[in-house]
There are 2 protein chains.
Amino acid sequence: MKEKKEDRRISRTRKLMLDALMSLIVERSYENITVQDIIDRADVGRSTFYAHYRDKDDLLLSWFEHLRNLFEQQQQELRAARETGRDTEFNIVLELFLHTGRHHRLYKAVAGKQSGEMILRYLHRYLSGLLTPVMEDVVRNRKTRPVPVEITVHHLVSSLLSLMTWWLDRNMPYPPEKMEEIFRTLNRPGIEASLGNDIKNESRQVMADDRNDAGPMGFYSLFAAPFCCP
Amino acid sequence: MKEKKEDRRISRTRKLMLDALMSLIVERSYENITVQDIIDRADVGRSTFYAHYRDKDDLLLSWFEHLRNLFEQQQQELRAARETGRDTEFNIVLELFLHTGRHHRLYKAVAGKQSGEMILRYLHRYLSGLLTPVMEDVVRNRKTRPVPVEITVHHLVSSLLSLMTWWLDRNMPYPPEKMEEIFRTLNRPGIEASLGNDIKNESRQVMADDRNDAGPMGFYSLFAAPFCCP
DNA sequence: CATATAGTCGAACACAATGTTCAATTATAA
DNA sequence: TTATAATTGAACATTGTGTTCGACTATATG
């Protein structure tokens with residue numbers, strides 16, 4: 001099933017450079033890594049690097065796209081499992097914390113304190129893309145709209161990323177589940193309010209009431225787990 | 001009352017370089033400005049620049065400290081006015097939006113999409129410093145603490161900065177008052193929940209119930225204006 | 001006004017990194 | 001086996017950084 005078009009040398013070189021970047025990235029901050037460092041460690045020619053990537057960022061970005069594919073694939077599998085009758089409760093925020101935790105060394109190096117803006121912007125864009133249709137769908141039934149959907153989404157994504165970086169910067173002092181709970185505590189009530197009152201029952205509006213409207217990404221529910229004030 | 005110790009040449013040179021940076025910063029993004037550009041426009045010697053600042057960031061930071069002093073001074077005046085009997089309702093978030101709006105060209109260039117991480121980090125630290133004692137004070141009366149105060153503060157500051165940058169990036173499509181309202185709608189309920197239930201009445205706990213505990217910065221109230229769901 | 005002081009100038013320097021080019025070499029697919 | 005495509009490595013022009021130093025000049029101060 002694999003597309004085997006690629007010259008073996010290409011994959012080899014690419015892998016070498018990616019590995020070099022990864023091993024460098026856990027040693028010092030991304031900003032302080034030069035193309036020179038990368039090609040030194042990868043042991044490839046300077047011109048080779050530029051034959052593949054425009055610059056350092058391009059290389060990193062290609063790696064993130066790889067990771068994103070991995071993540072999306074896993075989500076698809078979860079979704080599939082769920083559809084075949086398993087009771088997998090789907091919670092995208094939790095999944096994100098789990099995923100980040102799994103790759104924490106990379107994300108810490110790149111999205112933490114030391115980070116360049118680039119990756120955070122990339123993630124922001126990506127997550128906003130995921131969230132926007134969901135939110136717009138939710139808001140369709142609402143009569144009032146106290147806060148523009150665009151802002152709500154922006155806020156939610158920023159909050160998630162800010163919690164993520166906090167978590168990473170402090171070496172993940174809580175488990176992903178706890179972080180997801182905190183995220184929910186902080187944001188759920190405000191999101192409710194920001195989306196406006198509506199036709200149906202007052203609370204648990206953001207929850208996926210029924211299990212259709214899967215959204216573009218198998219994105220069932222933003223606040224899937226039950227919420228309760230202790 | 002002024003300390004007139006400084007050599008006139010020093011202030012002159014400093015001003016030249018600051019002006020140069022400012023005028024450059026509205027033309028292109030901060031990242032793409034070099035020390036060379038600055039000294040060219042300021043028309044000062046290369047060595048002069050390094051005699052005053054360690055690097056580009058140092059120069060920008062010194063300017064932000066200037067701005068911060070300005071802001072704090074204004075807040076002090078407001079506070080004073082309030083204490084002398086005026087009915088100035090004090091709302092720090094609104095004040096911040098007003099301040100940012102006033103200096104929007106600078107902040108846009110520096111804290112917007114194009115920004116380097118640096119200034120956002122600086123602001124984050126600064127605002128967290130303002131907020132932490134307030135939050136810790138609020139939480140003192142609470143029995144439960146669903147979310148660590150540190151995270152609540154982090155979340156709140158991130159949210160504020162994210163709204164700010166959104167606002168700036170889109171050329172301030174709403175007035176500061178509206179943005180403050182949005183901030184409140186999005187965050188107030190979640191903050192309530194995150195700080196836990198307590199002894200007193202259920203709602204409006206974050207509001208400054210009485211007007212003592214001014215905090216370090218004349219920081220009377222985070223959500224001073226009345227909150228209502230429409 | 002005189003003068004020591006302290007700030008500024010500007011040119012030169014060493015250094016580090018970028019991104020391009022090209023002919024020679026080598027691995028690969030077919 | 002061989003045509004093709006990838007890699008190499010060295011050289012190069014370019015841009016920016018941060019430092020140094022002697023010469024110059026504005027300034028504060030007596």
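Numbers restart at 1 for each chain; the letters A, B, ... are given by sequence-line order, proteins then strands.
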Length of the line joining [X]:[atom1] and [N]:[atom2], which is rounded to integer Å:
| X | N | atom1 | atom2 | answer |
| --- | --- | --- | --- | --- |
| B:Asp40 | D:dT15 | CG | C1' | 13 Å |
| B:Asp57 | D:dT17 | CG | P | 11 Å |
| A:Ile10 | C:dT28 | CD1 | P | 12 Å |
| B:Leu16 | C:dG7 | CG | P | 16 Å |
| A:Tyr50 | C:dC22 | OH | P | 18 Å |
| A:Gln36 | C:dG19 | CD | C1' | 12 Å |
| B:Lys15 | C:dT8 | NZ | P | 15 Å |
| A:Asp37 | C:dA17 | CG | C1' | 10 Å |

Self-check item: Closest to the A:Val35 side chain, choosing from C:dT18, C:dT8, D:dT8
Solution: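 Per side-chain heavy atoms of A:Val35, the pick is C:dT18.
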Quiz item: To the side chain of B:Arg8, which of D:dT8, D:dG18, D:dT27 is closest?
Solution: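 Between D:dT8, D:dG18, D:dT27, the one nearest the side chain of B:Arg8 would be D:dT27.
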Quiz item: Is there a ring-ring contact (aromatic ring centres under 6.0 Å, His included) between B:His99 and B:Tyr107 once you walk through the steps?
Solution: CA-CA 10 Å; B:His99 169 83; B:Tyr107 279 108; 5.7 Å; yes
Quiz item: So, A:His154 and A:Ser128: side-chain donor and acceptor under 3.5 Å apart, yes or no?
Solution: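 No pair is found: no donor N or O on one side chain lies under 3.5 Å from an acceptor on the other.
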Exercise. Using the closest heavy atom to pick a nucleotide of DNA chain D for each, name whichever of B:Arg12 or B:Thr34 lands nearer the 5' end.
Key: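 Its nucleotide being nearer the 5' end, the pick is B:Thr34.
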Quiz prompt | Closest-nucleotide ordering on DNA chain C, the 5'-leading residue of B:Ala51 and A:Ser47 | solution =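 The answer here is B:Ala51.
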Self-check item: Residue whose closest nucleotide on DNA chain C lies nearer the 5' end, B:Arg46 versus B:Arg9
Solution: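 Its nucleotide being nearer the 5' end, the pick is B:Arg9.
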Quiz item: Between B:Trp166 (side chain) and A:Ile151 (backbone), is there a donor-acceptor pair under 3.5 Å?
Solution: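 Such a contact is absent between B:Trp166 side chain and A:Ile151 backbone.
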Quiz item: Should A:Arg14 and A:Trp63 count as side-chain neighbours, where that means a heavy-atom distance under 4.5 Å?
Solution: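 They are not in contact (no side-chain heavy atoms under 4.5 Å apart), so the answer is no.
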Quiz item: Under 4.0 Å between a side-chain N/O of A:His52 and OP1 or OP2 of D:dT7, yes or no?
Solution: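 Affirmative; the distance criterion is met.
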Quiz prompt | Pairwise distance CG(A:Leu16) to CZ(A:Arg9) - rounded to 0.5 angstrom | solution =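 Taking CG in A:Leu16 and CZ in A:Arg9, the distance rounds to 14.0 Å.
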